[in-house]
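The structure appears right after this line, and notes come after that.
Atoms considered below: every heavy atom in the structure, side chains included; atoms not considered: hydrogens, waters and symmetry mates.
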Amino acid sequence: MIEFVRNVRLWFAPERIRDEGDTPDYRFSLANERTFLAWLRTALALIGGGFAVDQFLPDLRYAWRVGLALALLGAGALCSLRAVSHWVRCERAMRRGEDLPVSKFPALLGVVVALVAVAMVFVVIVGWEG
């Protein structure tokens with residue numbers, strides 16, 4: 001838990017990461033930033049998809065519309081938070097000469113997106129109003 005709190009503090013003070021280990025090759029740090037930005041683009045797409053489901057499918061039953069929209073919005077929010085966490089953890093690992101951290105989050109995100117897609121296929125086949 002203490003390590004998690006320390007990582008969250010580093011989200012808002014990334015200059016303190018320099019205190020750990022040696023400076024890695026800049027190409028690795030820049031690749032880490034590009035990965036961070038890719039996660040943020042994914043988060044924005046999920047959030048946009050959540051709003052699209054809510055706004056552009058008014059004939060969809062309320063429970064379906066809200067459930068699908070909230071699943072996408074929640075996945076987008078988690079994805080954006082995970083992007084920062086992953087960036088900090090990778091930067092620290094590179095500076096310490098450790099293996100890069102592994103995560104189950106990509107699998108979890110993939111499952112959530114797949115479930116939303118299956119639900120949307122069901123909605124399309126059955127019809128908007130069920």
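- Among all heavy-atom pairs drawn from N32 and W87, the shortest one is ND2-O, 3.1 Å.
- In this structure, CG on L57 lies 8.5 Å from CG on L68, to the nearest 0.5 angstrom.
- Annotation: R6, atom CZ; neighbour count of heavy atoms from other residues, nucleotides and ligands within 6.0 Å is above 12.
- Screening residues 117-127 for salt bridge (Lys or Arg N to Asp or Glu O under 4.0 Å) gives no qualifying pairs among residues at least two apart or on separate chains.
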Expected list for residues 93-106: side-chain donor-acceptor pairs under 3.5 angstrom, two or more places apart:
{"residue": "R96", "atom": "NE", "partner": "E20", "partner atom": "OE1", "Å": "2.8"}
{"residue": "R96", "atom": "NH2", "partner": "E20", "partner atom": "OE1", "Å": "2.8"}
{"residue": "S103", "atom": "OG", "partner": "R82", "partner atom": "NE", "Å": "3.4"}
{"residue": "S103", "atom": "OG", "partner": "R82", "partner atom": "NH2", "Å": "2.8"}
{"residue": "S103", "atom": "OG", "partner": "F105", "partner atom": "N", "Å": "2.9"}

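- When all heavy atoms of C79 and L109 are compared, the pair lying nearest together is SG-CD2, 4.0 Å.
- Considering only residues two or more places apart in sequence or on other chains, A13 meets the side-chain contact (heavy atoms from CB on, under 4.5 Å) condition with E15, R16.
- Criterion: ILVMFWY side-chain heavy atoms under 4.5 Å apart, direct or through other members. Under it, M120 and F122 are part of a common hydrophobic cluster.
- In this structure, OG1 on T23 lies 9.0 Å from CD on E91, to the nearest 0.5 angstrom.
- Heavy atoms from other residues, nucleotides or ligands lying under 6.0 Å from CG of D22 number 12 at most.
- Scored by the side-chain contact (heavy atoms from CB on, under 4.5 Å) test, D25 finds R27, F28 as partners (sequence neighbours excluded).
- In the hydrophobic cluster analysis, where Ile, Leu, Val, Met, Phe, Trp and Tyr join through side-chain heavy atoms closer than 4.5 angstrom, I125 is grouped apart from V118.
- The CG atom of D19 sits 11.0 Å away from the CZ atom of R92 when rounded to the nearest 0.5 Å.
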Review item, side-chain donor-acceptor pairs of residues 34-45, under 3.5 Å, at least two apart:
{"residue": "T35", "atom": "OG1", "partner": "A31", "partner atom": "O", "Å": "3.0"}
{"residue": "T42", "atom": "OG1", "partner": "A38", "partner atom": "O", "Å": "3.0"}

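- The cluster map of Ile, Leu, Val, Met, Phe, Trp and Tyr, joined by side-chain heavy atoms under 4.5 Å apart, puts L78 and L46 in the same cluster.
- Atom CZ of F56 sits about 12.5 Å away from atom CZ of R65, to the nearest 0.5 Å.
- Partners of V66 by side-chain contact (heavy atoms from CB on, under 4.5 Å), not counting sequence neighbours, listed by chain and number: Y62, L70.
- When the side chains of ILVMFWY residues are joined at heavy-atom separations under 4.5 Å, either directly or via intervening members, V126 and W64 end up in a single hydrophobic cluster.
- With hydrophobic clusters built from ILVMFWY side chains whose heavy atoms lie under 4.5 angstrom apart, L10 shares a cluster with V8.
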